[in-house]
Asks: 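Here it is, the structure in full.
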Amino acid sequence: MPETTAIVYFSGTGNTEAVAGFIENSIKRYFNVEAFKIEDITKRKVDFDFKKFHMIGIGYPIYGFNAPRIVFDFIEHLPVSKMINAFVFSTCAGPLYFNDIASYKVKRLLESKGFNVFYERQFYMPANIALKYNDEVSKQLCNAAADKSKIMAEEISNKLVRSRRDKIGPMLISWLYAIEKRAWKMIPKDFLVLETCTKCKKCIQACPLDNISLSQNKISFGDNCLACYRCVYSCPARAITAKKYKFAIFKDGYDIKQIINNDNLKGNFITEKTRGYYKIFRNYLFKE
Ligand SMILES: Cc1cc2nc3c(=O)[nH]c(=O)nc-3n(C[C@H](O)[C@H](O)[C@H](O)COP(=O)(O)O)c2cc1C
């Protein structure tokens, strides 16, 4: 039987989905590959026959220097494997110091399930909250992700071992996560639905955890939120905003597909001489 790789990912607003797509296309050259969204598996929209696969890749966006809860829940429900090879990929907004331990818990959980996590890679993609990157930078990061996916596929096909160093410093103060977790709980409580809401229910359909409902002609949010912001950015009326944390939400929305499909963007904004904030991407784009 030909070897088939499963790529299983969660993506709140499309960045990780785009990267999963790049990786899928690149891996196709070496193995059969099937890609799955985690929520499609957990909502039983698709059949995920774990035994079919010789290798599994887990992808997710970094939230608060860690993986989203839905990823841990998914892995916890996997049967114990017998040293199936696994790789991990994540997307994040840049080389933040604490991001270096963002795969630590995912890797340990996978290993406790018997997986051999031999490869991991972090992709810098545009921030989807708080600090909007300019479109040219966003395009450049997407192009880089596509290029790095090709390298990744080749390395994986050669069984190259690539592991990020989990930095001791951030791990020691991982109690910070507790604060982060509380913040994620506060974010959905802060959501405010404006009167411009047309009750189209797109937010309800978009929610990966079915945490949004329409009752008494009002959209309301339950307690089971990932703070992925998919509801916010999938609202055609941009009617989901915030009471306190307005700064986090981009007024013009967030649409990574539009960036990827926009051929007018050249994606060469950052150079080896770039200064200012975008300087943080120079190593990633030109040296790694
Ligand atoms: C709630 C939340 C927390 C985030 N935390 C981090 C973080 O700790 N580090 C980081 O670099 N980016 C962080 N980001 C940015 C996302 O990781 C990044 O934009 C990612 O590519 C989004 O992927 P997605 O579109 O697949 O959801 C965060 C985004 C959200 C919504």
Side-chain angles (χ1 to χ4, degrees), residues 8-18 20 36-48 59-64 66-74 76-77 91 93 125-133 135 138 178-262:
V8 183
Y9 65 91
F10 172 70
S11 177
T13 59
N15 287 359
T16 314
E17 179 159 43
F36 303 86
K37 290 182 190 174
I38 289 184
E39 75 252 35
D40 284 351
I41 299 175
T42 51
K43 290 182 185 180
R44 297 188 190 284
K45 285 191 184 162
V46 293
D47 253 352
F48 178 69
Y60 55 88
I62 294 177
Y63 290 171
N66 206 345
R69 187 162 35 92
I70 192 170
V71 176
F72 291 111
D73 290 348
F74 169 74
E76 258 155 24
H77 284 94
T91 69
M125 290 289 280
N128 57 357
I129 52 168
L131 178 65
K132 187 151 192 173
Y133 296 176
D135 285 356
S138 298
I179 299 172
E180 293 279 353
K181 270 187 192 148
R182 247 168 267 146
W184 305 153
K185 280 201 178 143
M186 279 152 61
I187 290 165
K189 288 212 172 69
D190 187 51
F191 283 155
L192 172 74
V193 180
L194 302 176
E195 280 176 9
T196 43
C197 167
T198 61
K199 320 286 183 305
C200 71
K201 298 191 188 166
K202 288 223 162 82
C203 55
I204 297 177
Q205 288 147 15
C207 179
L209 294 183
D210 294 331
N211 187 46
I212 309 175
S213 55
L214 178 66
S215 59
Q216 292 166 346
N217 212 27
K218 265 181 77 178
I219 293 289
S220 54
F221 302 89
D223 291 334
N224 192 20
C225 174
L226 289 173
C228 72
Y229 284 79
R230 198 191 293 168
C231 56
V232 171
Y233 295 129
S234 60
C235 173
R238 300 214 207 294
I240 304 178
T241 176
K243 292 172 215 150
K244 272 197 213 146
Y245 309 119
K246 276 199 182 64
F247 70 92
I249 297 174
F250 300 148
K251 282 200 190 71
D252 301 331
Y254 183 78
D255 186 349
I256 196 67
K257 279 192 187 141
Q258 210 175 59
I259 299 285
I260 292 172
N261 297 330
N262 185 346

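Quantities reported herein were computed from a predicted structural model and do not represent experimental measurements.
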Asks: Any idea which heavy atoms bring Ala67 and Phe72 closest together, and the distance?
Replies: O-CE1, 3.4 Å
Asks: Taking atom NZ of Lys201 and atom OG of Ser213, what is their separation to the nearest 0.5 Å?
Replies: 10.5 Å
Asks: Is there a side-chain contact between Thr42 and Asp73 in this structure, where contact means two heavy atoms from C-beta onward sitting under 4.5 Å apart?
Replies: no
Asks: Drop me the distance from Asp135's CG to Asn262's CG, to the nearest 0.5 angstrom.
Replies: 7.5 Å
Asks: For the CD1 atom of Ile249 and the OH atom of Tyr229, what is their distance to the nearest 0.5 Å?
Replies: 5.5 Å
Asks: For atom NZ of Lys218, is the number of surrounding heavy atoms from other residues, nucleotides or ligands below 6.0 Å larger than 12?
Replies: no
Asks: Would you say the side chain of Ile219 lies within less than 4.5 Å of the side chain of Ile212, judging by non-hydrogen atoms?
Replies: yes
Asks: Is the count of non-hydrogen atoms from other residues, nucleotides or ligands lying under 6.0 Å from Lys132 atom NZ greater than 12?
Replies: yes
Asks: Testing the basics here: between Ala248 and Tyr233, what is the closest heavy-atom pair and its distance to 0.1 Å?
Replies: O-OH, 3.8 Å
Asks: For Tyr9 together with Phe74, are the ring centres under 6.0 Å from each other?
Replies: no
Asks: Just jot down the side chain to side chain donor-acceptor pair (under 3.5 Å) partners of Ser11, sequence neighbours excluded, or say none.
Replies: none
Asks: With a 4.5 Å cut-off on side-chain heavy atoms, are Pro208 and Cys228 touching?
Replies: yes
Asks: Step through the shown structure and confirm whether more than 12 heavy atoms of other residues, nucleotides or ligands are within 6.0 Å of NZ on Lys199.
Replies: yes
Asks: Quick check: closest heavy atoms across Cys231 and Phe191, and the distance to 0.1 Å?
Replies: SG-CE1, 4.1 Å
Asks: Can you tell me how far CG of Asp255 sits from CZ of Phe250, rounded to the nearest 0.5 angstrom?
Replies: 12.5 Å
Asks: Under the side-chain contact (heavy atoms from CB on, under 4.5 Å) test, which residues partner Leu194, sequence neighbours left out?
Replies: Leu192, Thr196, Ala239, Thr241
Asks: At their closest point, which heavy atom of Gly12 faces which heavy atom of Tyr63, and how far apart are they?
Replies: CA-OH, 4.0 Å
Asks: Assess, by modelled atom type and distance only, whether the side chains of Asn15 and Thr91 contain a donor and an acceptor separated by less than 3.5 Å.
Replies: no
Asks: If you look at every heavy atom in Thr16 and Gly59, which pair is closest and at what distance?
Replies: CG2-C, 3.8 Å
Asks: Please say whether more than 12 non-hydrogen atoms of neighbouring residues, nucleotides or ligands are located less than 6.0 Å from NZ in Lys43.
Replies: yes
Asks: Using a 6.0 Å cut-off, check whether atom CG of Asn261 has over 12 heavy atoms from anything other than its own residue.
Replies: yes
